[in-house]
Amino acid sequence: MDRTKKATRNIAFSLLSSCLTLLLTLLNRKVILNFMGSEMLGYESLFANIFSLLSLTEMGAGTVIAYQLYSSVARNDEQETNILISIYKFLYRIIGIIVCAIGIVFFFFLQYIVTDYTTSFEFIQKIYVIQLIATICSYFLSYRRMLFISNQKEYIITKVDMGVNFITQILKILVVVLLKNYIIYLIISVCKEIIVNVVIHIISRKSYPNYKYISVKKEDFQKRKIFKDMFNFIGHKISGTIYYNTDNILISMLLGVSTVGIYSNYYVIKSQVFRLTTKIFNPIQASIGNFINDPKNDTADGKRLFDTLDVISFSFALIFTCCLYNLIQPFISLWYGNEYLLSNLVVIMIAINAYFETLREIPYYFRSTFGEYQKDRKYVTFGAIANIVLTVCLGKTIGLVGVLIGTVIGMFFLWYGVIKFLYSNYFKSNIWNYYFKHLKLGIVSFITIFIVSRICEIIPITFLGLIIRVALCLLISIGIIYLIYHNKEEYKNLIVYAKSILKR
């Protein structure tokens, strides 16, 4: 199966899985709100952020090994792949133990993180422990996923994830409705992590019988510069983890856990829809890795591929942001109720962040294939520092909007660093051409979203009105994208690629 066909299959299953997950997540959250209140959603989102923050101990091991795996798989080097997978397994077991230890330490500081709660503190501690167990399980059981990802067969693990997730989400909803027991609800999440990874482990042994765990030595790490690359990547890991996983913690400390619960409705919708985007982009990552490592392709070929995929980046950024800004408030009002609405300023900041986050995704995949993380770590460090400092300072003075301003500025630094690396170290071309192009595209995006929002204001807030708004957002955004790109070479290349996908 060639590169394009694998990517196409991965995208199809990823989209299906993400759509199903989005629908079940929205239903799940509505049930919890109706039967248990927003505080429970706040705990789930808050602790998810805490455990993601603990992933700092991973220090980028997965990313460092992944880009080496793309190369070994492309060369059909089974021995090297076995060594890399074994290194991955060894490191993740150590990391799992460290996460467990740090998680236990955090347990004794919960009273400083969780504020404005109404349940018993003992109940909060139980929730924390159960979610910690689920997190630890993922480190001990997930290493064989990398075989499918590096071989561009992510659709196999997507099918397993989708099936188990569907069953467990239904069970969780039934537990909330019938038993109103949040502890059992969380225990089901632990069981899901175990079952999914055990099934994937069994399938991987049948699919890749030649890939086996072997004993690794210190020399194996040194030869592949694993620790050196991890050290160089640590700035990226720290900054990325801080950027993506501190908002809910800071909101809880500054504004209370109930605010986390209400904000998490917006965040989950944004992140789940964004995941739809990344599910399309993720399978492309392995293709990019194989493309860059293919000696038949030179820098000019890489730049041509980047420009072609940049059309996708902008297109998704415009469509995603236009839909998010114009649909999220009426959807929250209809699905959860007006009492769970936040201000329009909050929505504006969420939309701006979503725009830059989507633009960064494909460039980041390109950047990840090269390693050499020391060359741009200062930008991601600046992003993390700006995020924390501005979030704390502005969050105290102007509340949730201040927290999100820090998030947006931090994302801008992350985006800039990725583009700077690619244009300085790989494309060897003028970076300002890229930024000038996206400045013009950004202005077009702003005008488009503004016009669509004015039209949407006259549409009543009903489920039928929501469908009409979706159609308007999609039609106008896609029309603008066509007007911008229809005569450009990268658009024509993309159409050729899309037609080959449709034929398959």
Side-chain angles (χ1 to χ4, degrees), residues 13-52 117-120 123-124 126-135 137-138 157-200 248 257-258 260-276 279 327-328 330-341 463 466-467:
F13 277 98
S14 293
L15 276 175
L16 179 60
S17 173
S18 295
C19 289
L20 181 63
T21 300
L22 174 60
L23 293 173
L24 289 173
T25 299
L26 292 174
L27 178 60
N28 189 303
R29 294 180 69 83
K30 182 171 176 61
V31 168
I32 291 177
L33 278 175
N34 289 346
F35 288 88
M36 294 184 175
S38 62
E39 193 172 329
M40 293 301 143
L41 294 180
Y43 294 133
E44 187 170 8
S45 300
L46 172 61
F47 293 151
N49 263 195
I50 291 174
F51 298 131
S52 295
Y117 56 87
T118 59
T119 60
S120 70
F123 179 73
I124 294 171
K126 289 179 181 178
I127 294 172
Y128 178 88
V129 170
I130 294 170
Q131 289 193 234
L132 175 61
I133 293 170
T135 302
C137 287
S138 68
I157 57 178
T158 301
K159 286 194 288 186
V160 176
D161 283 332
M162 183 167 55
V164 177
N165 186 51
F166 177 80
I167 295 170
T168 54
Q169 287 281 28
I170 297 298
L171 286 174
K172 287 160 79 172
I173 290 170
L174 291 174
V175 165
V176 172
V177 173
L178 300 177
L179 303 179
K180 298 181 179 61
N181 191 313
Y182 194 64
I183 298 298
I184 297 176
Y185 172 94
L186 292 176
I187 290 173
I188 293 173
S189 297
V190 177
C191 295
K192 173 203 162 188
E193 284 293 332
I194 296 171
I195 293 169
V196 162
N197 287 298
V198 167
V199 172
I200 289 172
N248 285 334
V257 72
S258 294
V260 176
I262 296 172
Y263 168 67
S264 69
N265 289 328
Y266 288 78
Y267 179 79
V268 164
I269 292 170
K270 176 252 178 184
S271 60
Q272 288 290 340
V273 176
F274 179 69
R275 190 170 295 175
L276 281 172
K279 287 295 184 180
L327 301 175
I328 196 167
F331 180 83
I332 293 286
S333 175
L334 290 168
W335 189 246
Y336 296 121
N338 289 332
E339 64 270 29
Y340 296 107
L341 287 174
F463 281 108
L466 196 65
I467 294 170

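Given the structure is predicted, the values throughout are model-derived calculations rather than measurements. Below, all heavy atoms of this structure are taken into account, side chains as well, without hydrogens, waters or symmetry copies.
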Asks: Among Asn28, Leu20, Thr21, find the one that has a side chain to side chain contact (heavy atoms under 4.5 Å, CB included) with Leu24.
Replies: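 When Asn28, Leu20, Thr21 are each tested with Leu24, the side chain to side chain contact (heavy atoms under 4.5 Å, CB included) holds only for Leu20.
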Asks: With a 4.5 Å cut-off on side-chain heavy atoms, are Thr168 and Asn165 touching?
Replies: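 When only atoms from C-beta onward are counted, Thr168 and Asn165 do touch, with a gap below 4.5 Å.
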Asks: Enter the distance from Tyr43:OH to Leu46:CG here, rounded to the nearest 0.5 Å.
Replies: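 These two atoms lie 9.0 Å from each other.
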Asks: Counting only heavy atoms not in Phe123, do more than 12 sit closer than 6.0 Å to its CZ atom?
Replies: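 Counting other residues, nucleotides and ligands, CZ of Phe123 exceeds 12 neighbours.
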Asks: Any side-chain heavy atom of Cys137 sitting closer than 4.5 Å to one from Ile133?
Replies: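 Counting from C-beta outward, Cys137 and Ile133 do come under 4.5 Å.
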Asks: Which label fits Tyr182 and Tyr185: parallel for a plane angle under 30°, tilted from 30 to 60°, or perpendicular past 60°?
Replies: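 Taking Tyr185 first and then Tyr182, their aromatic rings lie parallel (interplane angle under 30°).
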Asks: About how many Å separate CD1 of Ile124 and OG1 of Thr119, when rounded to the nearest 0.5 Å?
Replies: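 Nearest 0.5 Å value for the OG1-CD1 distance: 4.0 Å.
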Asks: Taking NZ in Lys180 as the centre, count heavy atoms belonging to other residues, nucleotides or ligands within less than 6.0 Å. Is the count above 12?
Replies: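 Count over threshold, so yes.
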Asks: Working to the nearest 0.5 angstrom, can you tell me the gap between Ile194 CD1 and Lys192 NZ?
Replies: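 That separation rounds to 12.5 Å.
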Asks: Write down the atom of Lys30, the atom of Trp335, and the distance for their closest heavy-atom approach.
Replies: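 That would be NZ-O, 2.6 Å.
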Asks: Give the minimum heavy-atom separation between Val175 and Asn181, together with the two atoms involved.
Replies: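 That would be CG1-O, 3.3 Å.
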Asks: Atom CD1 of Ile184 and atom CG of Leu179: how far apart are they, to the nearest 0.5 Å?
Replies: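 Spacing of CD1 (Ile184) from CG (Leu179) equals 5.5 Å.
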Asks: Do Tyr263 and Leu41 come within less than 4.5 Å of each other through their side chains, counting heavy atoms only?
Replies: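 Sidechains of Leu41 and Tyr263: no contact.
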Asks: Using side-chain heavy atoms (C-beta onward) and a distance below 4.5 Å, is Leu186 in contact with Tyr128?
Replies: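 Contact flag for Leu186/Tyr128 side chains = no.
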Asks: Which heavy atom of Arg29 sits nearest to which heavy atom of Gly261, and what is that distance?
Replies: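 Minimum heavy-atom separation between Arg29 and Gly261: NH2-O, 3.9 Å.
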Asks: With rounding to the nearest 0.5 angstrom, report the OG to CD distance, Ser189 to Gln169.
Replies: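 Output value for this atom pair is 7.5 Å.
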Asks: Step by step, work out the side-chain contact (heavy atoms from CB on, under 4.5 Å) result for Ile332 and Ile269.
Replies: CA-CA 9 Å; Ile332 293 286; Ile269 292 170; 3.6 Å; yes
Asks: Which heavy atom of Glu193 sits nearest a heavy atom of Ala134, and at what distance?
Replies: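 Answer, listing the atom of Glu193 first, then Ala134: CG-O, 3.8 Å.
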Asks: Any chance you could measure Tyr340, atom OH, to Tyr266, atom OH, to the nearest 0.5 Å?
Replies: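 Output value for this atom pair is 12.0 Å.
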Asks: Please report the shortest heavy-atom distance between Val260 and Gly42, naming the atom on each side.
Replies: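 Closest pair (atom of Val260, atom of Gly42, distance): CG1-O, 3.6 Å.
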